J.: 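Sharing a structure, written as structure tokens. Questions coming.
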Amino acid sequence: MKRARTTTISPKSPPHPPPPPTPPQKLHSRRVPLQWAPLNLPQSELYLPLTLPTGQTFRWKQTGPLQYTGAVGPHLISLKHHHDHDGAVYYHIHRTPSDESAAMCALLDFLNSHVSLADLWSDFSASDPRFAEVARHLTGARVLRQHPLECLVQFLCSSNNNIARITKMVDHVSRLGHPLGSVEGFDFHQFPSLERLALVTEQQLREAGFGYRAKYITGTVDALRAKPGGGEEWLASLRKLDLEVVIDSLCTLPGVGPKVAACVALFSLDQHHAIPVDTHVWQIATRDLLPDLAGARLTPKLCSRVADAFVSKYGQYAGWAQTLLFIADLPSQKSLLPSRDGNIKKNKPGKKKTTQIASW
DNA sequence: CATATACCTGAGAC
DNA sequence: AGTCTCAGGTATA
């Protein structure tokens with residue numbers, strides 16, 4: 001039978017607790033089917049499995065079929081596709097300190113909802129047949145607009161690391177923030193402020209398994225706190241600056257190199273033409289964009305050449321194009337796509353991915 | 001500038 | 001079981 005899913009707000013409530021005489025949280029009643037409201041975004045403009053679990057954020061959890069839950073600032077929100085209505089996106093606000101419309105507003109901002117994916121992809125497809133082919137199979141992959149500090153810390157954790165451990169580390173840091181409740185067994189927290197982050201020591205992070213990234217986090221937190229006016233404001237101020245300045249500024253922080261800087265710029269600082277060039281994108285680029293460089297090693301200089309090539313080809317929103325091409329190259333997606341030579345993709349024995357990046 | 005190497009950890013592949 | 005390699009990099013020499 002199909003039942004609407006239920007949620008509990010208090011952390012760690014036993015399976016069937018007798019209802020307390022006076023519930024601590026009266027915001028939501030317990031064990032009531034969630035109320036879902038339409039988000040006014042068709043599946044073609046937002047397809048959750050291609051947007052939330054594909055490496056932009058590690059803080060959203062799958063809490064049901066085509067359903068994901070995460071924090072947007074202080075708001076705890078679930079999103080899901082409706083089986084009917086062409087798979088349109090619906091939302092449920094589990095908890096918000098203000099009101100529904102404020103949460104909704106924050107959510108639309110988080111989703112960059114003012115950007116029309118249809119327009120973008122039509123442009124990309126016009127300038128690149130391969131993009132057109134890929135896009136036909138993978139519609140609705142958006143670039144998010146995350147909170148800068150939250151985005152930065154997540155990608156500090158990502159260096160030379162795998163998805164499973166990154167997620168674990170991000171979960172650990174997140175627990176420093178204000179708890180927002182639990183959904184389907186996952187505990188959610190507001191991302192900790194700079195002040196909260198400053199309470200944890202490098203040694204504590206190392207003991208928690210962060211390895212050498214422990215000092216990246218404490219070092220960056222310290223550097224941000226030293227900024228006049230506060231680090232969060234400093235980060236936010238980067239949104240109005242040019243990409244080169246943004247990248248250079250971010251790279252002054254310990255643990256932030258070109259790749260992490262580009263991720264933060266693209267996924268949180270409105271730098272829609274930032275191109276995070278990692279080993280993966282390097283493969284894509286030398287295959288499709290700069291075949292001459294195939295076989296070369298990725299140096300900082302070549303890194304910016306790749307970025308330039310993407311921008312030349314796709315323009316002001318090149319980062320959005322790059323994001324889709326990146327997703328298309330994920331092992332979890334390749335099986336859904338026709339391969340270049342037209343054959344059905346079978347896993348190559350040579351290079352195995354041990355980490356499943358996303359599965360659905 | 002380009003190249004090489006260390007850096008933490010833990011999950012797979014031999 | 002004990003190695004080895006690799007994972008969406010960065011900081012140094």
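Below, each value reflects all heavy atoms present in this structure, side chains not excepted, and no hydrogens, waters or symmetry copies. The chains referred to below are lettered A, B, ... by the order of the sequence lines, with proteins before strands, and numbering in each begins at 1. Computed from a prediction, not measured in an experiment: that's the story for all the values here.
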J.: What's the CG-P distance between A/L330 and C/dG8, to the nearest Å?
T.: 9 Å
J.: What does A/I284 touch in the nucleic acid at a heavy-atom separation under 4.0 angstrom: a base, only the sugar-phosphate, or nothing?
T.: nothing
J.: Using a heavy-atom cut-off of 4.0 Å across all strands, would you classify A/V281 as base, sugar-phosphate, or nothing?
T.: nothing
J.: State whether the number of non-hydrogen atoms from other residues, nucleotides or ligands found under 6.0 Å of A/Q204 atom CD is greater than 12.
T.: yes
J.: Using the P atoms only, state how far C/dA1 lies from B/dT9, rounded to an integer number of Å.
T.: 23 Å
J.: Hey, are A/E232 and A/K227 close enough for a salt bridge, meaning a charged N less than 4.0 Å from a carboxylate O?
T.: no
J.: Quote, to the nearest angstrom, the P distance that separates B/dC1 from C/dG9.
T.: 24 Å
J.: Under 4.0 Å, heavy atom to any atom of DNA chain B: which of residues 203-216 of chain A qualify?
T.: A/R206, A/G209, A/G211, A/Y212, A/R213, A/K215
J.: Using the side chain to side chain contact (heavy atoms under 4.5 Å, CB included) rule, take A/D86 and A/Q43 through it: C-alpha gap first, then chi angles, then the decisive distance, then the call.
T.: CA-CA 7 Å; A/D86 291 326; A/Q43 182 171 301; over 6 Å; no
J.: Taking CD1 from A/I163 and C1' from B/dG12, how many angstroms apart are they, rounded to a whole number?
T.: 16 Å
J.: Atom CD of A/Q283 to atom P of C/dG9: distance rounded to whole Å?
T.: 12 Å
J.: Does a salt bridge link A/D288 with A/K313, judged by any charged N lying under 4.0 Å from a carboxylate O?
T.: no
J.: Before giving the answer on salt bridge (charged side-chain N to carboxylate O under 4.0 Å, His left out), spell out for A/R305 and A/D292 the whole-Å C-alpha distance, their side-chain angles and the decisive distance to 0.1 Å.
T.: CA-CA 12 Å; A/R305 272 190 64 184; A/D292 295 348; over 6 Å; no
J.: I need the minimum non-hydrogen distance between A/V306 and A/A285, along with the two atoms involved.
T.: CG1-CB, 3.7 Å
J.: Starting from C1' on B/dA11, measure out to NZ on A/K168 and report it in whole angstrom.
T.: 11 Å
J.: Nearest whole Å is fine: how far is C/dT10 C1' from A/I247 CD1?
T.: 15 Å
J.: Please give, in whole Å, the distance from C/dG9 P to A/H280 NE2?
T.: 11 Å
J.: Please work out if A/P276 contacts a base, only the sugar-phosphate, or nothing of the nucleic acid, heavy-atom cut-off 4.0 Å.
T.: nothing
J.: Write down the distance between CG (A/L156) and P (C/dA11), rounded to a whole number of angstrom.
T.: 9 Å
J.: Residues of residues 293-314 of chain A with any non-hydrogen atom less than 4.0 angstrom from an atom of DNA chain B: list those, numerically ordered, please.
T.: A/T299, A/K301
J.: Select from A/F267 and A/L253 the residue whose nearest nucleotide in DNA chain C is closer to the 5' end of that strand.
T.: A/F267
J.: Are side-chain N/O atoms of A/Q67 and A/E184 paired as donor and acceptor at under 3.5 Å?
T.: no
J.: A/R95 versus A/Q190: any side-chain heavy-atom pair under 4.5 Å?
T.: no
J.: Closest heavy-atom contact between A/Y91 and A/P38?
T.: CE2-O, 3.5 Å
J.: Taking a pair as Watson-Crick or G-U wobble with both distances under 3.5 Å, which nucleotide is matched to C/dG8?
T.: none
J.: Write down the atom of A/D187, the atom of A/R175, and the distance for their closest heavy-atom approach.
T.: OD2-NH1, 3.6 Å
J.: Measuring only the P atom in each nucleotide, how far is C/dG2 from B/dC8? A whole number of Å is fine.
T.: 24 Å
J.: Output the rounded distance in Å from CE (A/M169) to P (B/dC8).
T.: 12 Å
J.: So what's B/dC8 paired with, Watson-Crick or G-U wobble, going by both distances under 3.5 Å?
T.: none
J.: Tell me whether the OP1 or OP2 atom of C/dG9 has a side-chain N or O from A/T279 closer than 4.0 Å.
T.: yes
J.: Say we look at C/dG8 and B/dA4: how far apart would their P atoms be, to the nearest angstrom?
T.: 23 Å
